[in-house]
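Structure first, commentary second.
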Amino acid sequence: MTRAIDMGWIGCHTCGTVHEGDQTRCRTCSAPLHSRLPNSLQQTWAWLITGALFLIPANMLPLLSNLVLGHNEGHTIAEGIAIFFQTGDYFVAIVILIASLLIPFSKIFVIGILILSIQFRWQLDNKTRLLLYEFVEFIGRWSMIDVFVVALLAGLVKLGAVISILPGTGAICFALSVIFTMIAALRIDSKMIWDAPAKDTVE
């Protein structure tokens, strides 16, 4: 497959305008031109590891706290899922399970596999790498569901000293984890997918 870099062209990472290889700034948006984003893999690893570390306290600390008649009780993500299953709210439990556990861990795993395949030049099909990249792009939009739910409940359930719902420390850690993994995904230079050797082109 012929790449733009093989033709001596550089595409702006900001607006996509194509330039000759001797240009240093984009004629459309004046952004610096790079054939590949500098330190893309290093920055991706840094953001991804930070997001993964924040995911640990996000699952160990209370996601929200219930204040009922002065008694404060907090629940972690796993405890909340268990409570919904016990009360028969299976749909809500499954949604929380997918949004709070499966999606975040799957996203971190897929990003890790993708950048490992690029960094160590694994012999994967480039289409597979592209599918992994598109999966990360698609799944990221569903990562903040439970944070939105906590914020919505905290805003709606306010009955003074009788009952109220407050965001817990786990919600903050979870939100930070989602933000950091989103930044990690943004730091991946998709052009590098086509730099690694494809499985079908290696003898």
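Keep in mind that what you see is a predicted model, and the values were worked out from it rather than measured. Just the heavy atoms: all of them, side chains too, but no hydrogens, waters or symmetry mates, feed the values below. Just so you know, residue 1 is the first one in the sequence shown, and it goes up from there.
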Full working for side-chain contact (heavy atoms from CB on, under 4.5 Å) between Thr76 and Asn59: CA-CA 6 Å; Thr76 63; Asn59 285 275; over 6 Å; no

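The two residues Ala46 and Thr50 have their closest heavy-atom pair at O-OG1, 2.8 Å. Residues Ile77 and Ser100 share a closest heavy-atom pair of CG2-CB, 3.5 Å.
Under the 4.5 Å side-chain criterion, counting only non-hydrogen atoms from C-beta, Leu186 is not in contact with Trp47. With contacts defined as side-chain heavy-atom distances shorter than 4.5 Å, the pair Lys107/Phe135 does not qualify. Using a 4.5 Å heavy-atom threshold, the side chains of Phe174 and Pro104 count as touching. Residues Leu101 and Ile81 have side chains in contact (heavy-atom distance under 4.5 Å, counting atoms from C-beta outward).
The OG atom of Ser177 sits 11.5 Å away from the CE atom of Met182 when rounded to the nearest 0.5 Å. Distance check, rounded to the nearest 0.5 Å: OG1 of Thr181 to CG of Leu55 gives 8.0 Å. For the atom pair CZ of Arg187 and CG of Asn39, the computed distance is 9.0 Å after rounding to the nearest 0.5 Å. The structure places CD of Gln42 at 10.0 Å from CD1 of Ile115, a figure rounded to the nearest 0.5 Å. The distance from atom CZ of Phe54 to atom CZ of Phe180, rounded to the nearest 0.5 Å, is 5.0 Å. Distance check: Ile118 CD1 to Leu132 CG gives 9.5 Å after rounding to the nearest 0.5 Å.
Tested against Tyr133, the residues Ile111, Ile188, Thr128 include a single side chain to side chain contact (heavy atoms under 4.5 Å, CB included) partner, Ile188.
In the hydrophobic clustering of this structure, Ile113 groups with Phe120; members are Ile, Leu, Val, Met, Phe, Trp, Tyr whose side-chain heavy atoms approach within less than 4.5 Å, directly or through other members. Residues Leu131 and Ile103 do not share a hydrophobic cluster, clusters being chains of Ile/Leu/Val/Met/Phe/Trp/Tyr side chains in contact below 4.5 Å. Taking hydrophobic clusters as Ile, Leu, Val, Met, Phe, Trp and Tyr residues chained together by side-chain heavy-atom distances below 4.5 Å, Leu61 does not share a cluster with Ile56.
Side-chain atoms of Ser117 come within 3.5 Å of backbone atoms of Leu114 as a donor-acceptor pair (strictly under, hydrogens ignored).
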